[in-house]
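Okay, structure first, notes after.
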Amino acid sequence: MQRVLGAGPLHWGAVTTARRSGRAGLRLLAEAGRRKVALLWQPVSGGAAPPTGNDAPEGGSGGKGGCALDWRRGKHVAAAAQAGLDAPGLLPMVETFCGRAMHVAEADLVQQLRSSRPEKEKRQWVHGILETIQRCSHVLEVSIPVKRDSGHWEVIEGWRAQHSQHLLPCKGGVRFCESINIDDVKALAALMTYKCAVVGPFGSAGAVMFSLAGPGTDVAAPDINTGEREMSWIADTYSRTLGFKDINAHACVTGKPISQGGIHGRVPATGRGLLRGVENYINNTLYMNLIGLSPGFPGKTFVLQGFGNTGLHTMRYLHRHGACCVCVGEVDGAIYNSSGIHPKELEDYKKEHGTIVGFPKAEPYEGSVLEVPCDILIPAAVEKQLTKENAPRVQAKIIAEAANGPTTPAAHEIFLQRNILVIPDLYVNAGGVTVSFFEWLKNLNHVSYGRLTFKYDRDSNYHLLLSVQQSLERTLGKGSGEIPIVPSPEFQARVAGASEKDIVHSGLAYTMDRSAQQIMSMATRYNLGLDQRTAAYLCAIEKVFRVYNEAGFAY
């Protein structure tokens, strides 16, 4: 689900409630008055998540009435094709990528149906489900009047998109952004559907503020220009208004401060997930041989576009694993040092000066950071950064999409032709939504992970050490005297059991590893080679298709 204030819809009753509730409601409305707000969402559940958006393959239709669907070209993609443009917006990009995957999958989905129905009916059934998957279920638009301190009144636009309701609750981000529009909201909601289907935790949708929030309906999370503060406001307002009788009220949003029910490890989750995602590929000898790169992080160079929360933690984790950051770019400038840039030093400098420009241990860089020679390029800013214009000049072997939709369809084709491995956004930046799922479960369970087992685990581990000691003494005889068992530092650190952060990190690693194997297996099954994006979309589509096929999708 995708939300946007400028991204999610509000009812007048909700606005009135916000005004009357004061506190969080007024704070959020006041903050919304400073910019348009985008809210992105996806449904929460333990299985696959259905994707949305109109898929529109670039290569024309898949046939008429045959096994391949005659996919409808989205109006945006059609207009772009007529104008000779390279996907002018995020929605046509998502439509194109999704359409390609559906075209690949359709024949197999028909064959997989366990039904005695005639072949024509099977094709029609598959067609109906895929048409349902690709469409955005609900979009709401709202205009919110806001009075500024000067006395001037301004009307803020908001949109909320629920891309799919095949699983609930819906999950998505809250975005405050001046450049957002309704198509972007639909595209981001669709990406959330596919992303959650790939990694497993949620469905997809979008909602706006407390009026549409709810732990079983819509679960918000931070996105551009929002963070713990805004999530705390929403949770507080919902729990004191519509959710005042709901014991699970604080589960209406994730990404909250720890004191408000947040979870340890949520802030760096996207960066940590990206590390694990890249690690699954860079340690895979088969894929590294395909692109002519040696396995492992040590000695590898990387370039980072965007030094926000995701960029900072990505840089930090890759640095710890032996990779060297040679260039960092932000909206106001870029810096370069062939010997490497230390993440903590750059973080401290930005905290003090509010910018990376002027960092004393690097030189200013005037060119495009996307074209700097490196092993790994990490676009962690906004969408549509890699296009058909600059793709031929990219000098990286691996592109890890930390941002949503940074690569256009035309650039994607160029990278495949140039033998560049693109690790797609709907997999590699899914660490945030994965840990959001853990936070949501924590809020529903009303207890921190590990809290109930700390003492039991510690006592069990000490009993284990004592048992080993006594066993050795019995075997070697009394004459050998007492045989002390000294635990290693690694074991000593785990004697008390797993902390909440340990459990979050372990669960995130397991999710990213499992998802990578599924994507690689799908690429092998369809002989896709380096086209991991299509493989990831296929994983998502098959999971969502299974939900609709087994539950029924007609009303």
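Not measured: the values here are computed from a predicted model.
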In Å, rounded to the nearest 0.5 Å, how long is the span from [atom1] of [X] to [atom2] of [Y]?
{"X": "H446", "Y": "H250", "atom1": "NE2", "atom2": "NE2", "answer": "11.0 Å"}
{"X": "Y281", "Y": "I376", "atom1": "OH", "atom2": "CD1", "answer": "14.0 Å"}
{"X": "T301", "Y": "L377", "atom1": "OG1", "atom2": "CG", "answer": "10.5 Å"}
{"X": "M93", "Y": "C98", "atom1": "CE", "atom2": "SG", "answer": "13.5 Å"}
{"X": "L530", "Y": "I423", "atom1": "CG", "atom2": "CD1", "answer": "10.5 Å"}
{"X": "D348", "Y": "K351", "atom1": "CG", "atom2": "NZ", "answer": "6.5 Å"}

Can you run down the salt bridge (Lys or Arg N to Asp or Glu O under 4.0 Å) pairs that involve [range], sequence neighbours left out, and say none if there aren't any?
{"range": "residues 262-279", "value": "R276-E279, R276-D513"}
{"range": "residues 313-324", "value": "R316-E347"}
{"range": "residues 429-445", "value": "K256-E439, K442-E500"}

Could you check whether any side-chain N or O of [X] sits under 3.5 Å from a backbone N or O of [Y], counting only pairs where one atom can act as donor and the other as acceptor?
{"X": "S232", "Y": "R229", "answer": "no"}
{"X": "E542", "Y": "C539", "answer": "no"}
{"X": "N337", "Y": "S339", "answer": "yes"}
{"X": "T310", "Y": "A380", "answer": "no"}
{"X": "N445", "Y": "L441", "answer": "yes"}
{"X": "S471", "Y": "S467", "answer": "no"}
{"X": "T237", "Y": "W233", "answer": "yes"}
{"X": "H353", "Y": "T355", "answer": "no"}
{"X": "N225", "Y": "F176", "answer": "yes"}
{"X": "Y449", "Y": "F438", "answer": "yes"}

Which residues share a side chain to side chain contact (heavy atoms under 4.5 Å, CB included) with [X], sequence neighbours left out:
{"X": "E330", "result": "F307, D332, K350, I356"}
{"X": "Y510", "result": "R514"}
{"X": "E383", "result": "L90, R175, D184"}
{"X": "S488", "result": "E490, F491"}

Taking salt bridge (Lys or Arg N to Asp or Glu O under 4.0 Å) as the definition, give me every residue that meets it alongside [X], ordered by chain and number, with sequence neighbours left out.
{"X": "K361", "answer": "E345"}
{"X": "D531", "answer": "none"}
{"X": "D502", "answer": "none"}

Check: [Y] and [X] side chains under 4.5 Å, non-hydrogen atoms:
{"X": "D425", "Y": "L191", "value": "yes"}
{"X": "E550", "Y": "R546", "value": "yes"}
{"X": "M512", "Y": "L275", "value": "no"}
{"X": "Q260", "Y": "M231", "value": "no"}
{"X": "T314", "Y": "F302", "value": "no"}
{"X": "V199", "Y": "L426", "value": "no"}
{"X": "D375", "Y": "I398", "value": "no"}
{"X": "K195", "Y": "N429", "value": "yes"}

Distance-only polar pair, side chains of Q162 and D218, donor-acceptor under 3.5 Å: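 Their side chains do contain a donor-acceptor pair, which is all the 3.5 Å distance test asks for.
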Strictly by modelled atom types, are N443 and N248 linked by a side-chain donor-acceptor pair under 3.5 Å?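 Per modelled atom types, N443 and N248 side chains form no pair under 3.5 Å.
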With a 6.0 Å cut-off (strictly less than), is the heavy-atom count around CG of L290, excluding the residue itself, greater than 12?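 Enclosed.
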Just checking H505: does its NE2 atom have more than 12 heavy atoms from other residues, nucleotides or ligands closer to it than 6.0 angstrom?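 Correct, the count exceeds 12.
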Contact summary for [X] and [Y], nearest pair of heavy atoms:
{"X": "C136", "Y": "A161", "result": "SG-CB, 4.0 Å"}
{"X": "V253", "Y": "A235", "result": "CG2-CB, 3.7 Å"}
{"X": "P373", "Y": "V326", "result": "O-CG2, 4.5 Å"}
{"X": "A540", "Y": "V198", "result": "CB-CG2, 4.0 Å"}
{"X": "M288", "Y": "P295", "result": "CG-CA, 4.0 Å"}
{"X": "Y427", "Y": "A516", "result": "OH-CB, 3.2 Å"}

Given side chain to side chain donor-acceptor pair (under 3.5 Å), test H313 with N309 step by step and report yes or no. CA-CA 6 Å; H313 289 99; N309 178 66; 3.2 Å; yes
Chi angles and distances behind the side chain to side chain contact (heavy atoms under 4.5 Å, CB included) call for V303, C325: CA-CA 6 Å; V303 168; C325 181; over 6 Å; no
Show your working on side chain to side chain contact (heavy atoms under 4.5 Å, CB included) between V435 and T254 and close with a plain yes or no. CA-CA 9 Å; V435 175; T254 59; over 6 Å; no
Between F97 and Y537, how do the two ring planes meet: parallel, tilted or perpendicular, split at 30° and 60°?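 Taking Y537 first and then F97, their aromatic rings sit tilted (interplane angle of 30° to 60°).
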Test of understanding: with side-chain hydrogen bond (donor to acceptor under 3.5 Å, both in side chains), list the residues that count as partners of S294, not counting sequence neighbours.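 With sequence neighbours excluded, S294 shows a side-chain hydrogen bond (donor to acceptor under 3.5 Å, both in side chains) to K300, given in chain and number order.
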Which residues share a side-chain hydrogen bond (donor to acceptor under 3.5 Å, both in side chains) with K501, sequence neighbours left out: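 Once residues adjacent in sequence are excluded, K501 has no partner under the side-chain hydrogen bond (donor to acceptor under 3.5 Å, both in side chains) criterion.
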Test side chain to side chain contact (heavy atoms under 4.5 Å, CB included) on H264 and V504; report intermediate values, then the result. CA-CA 7 Å; H264 291 89; V504 167; 5.8 Å; no
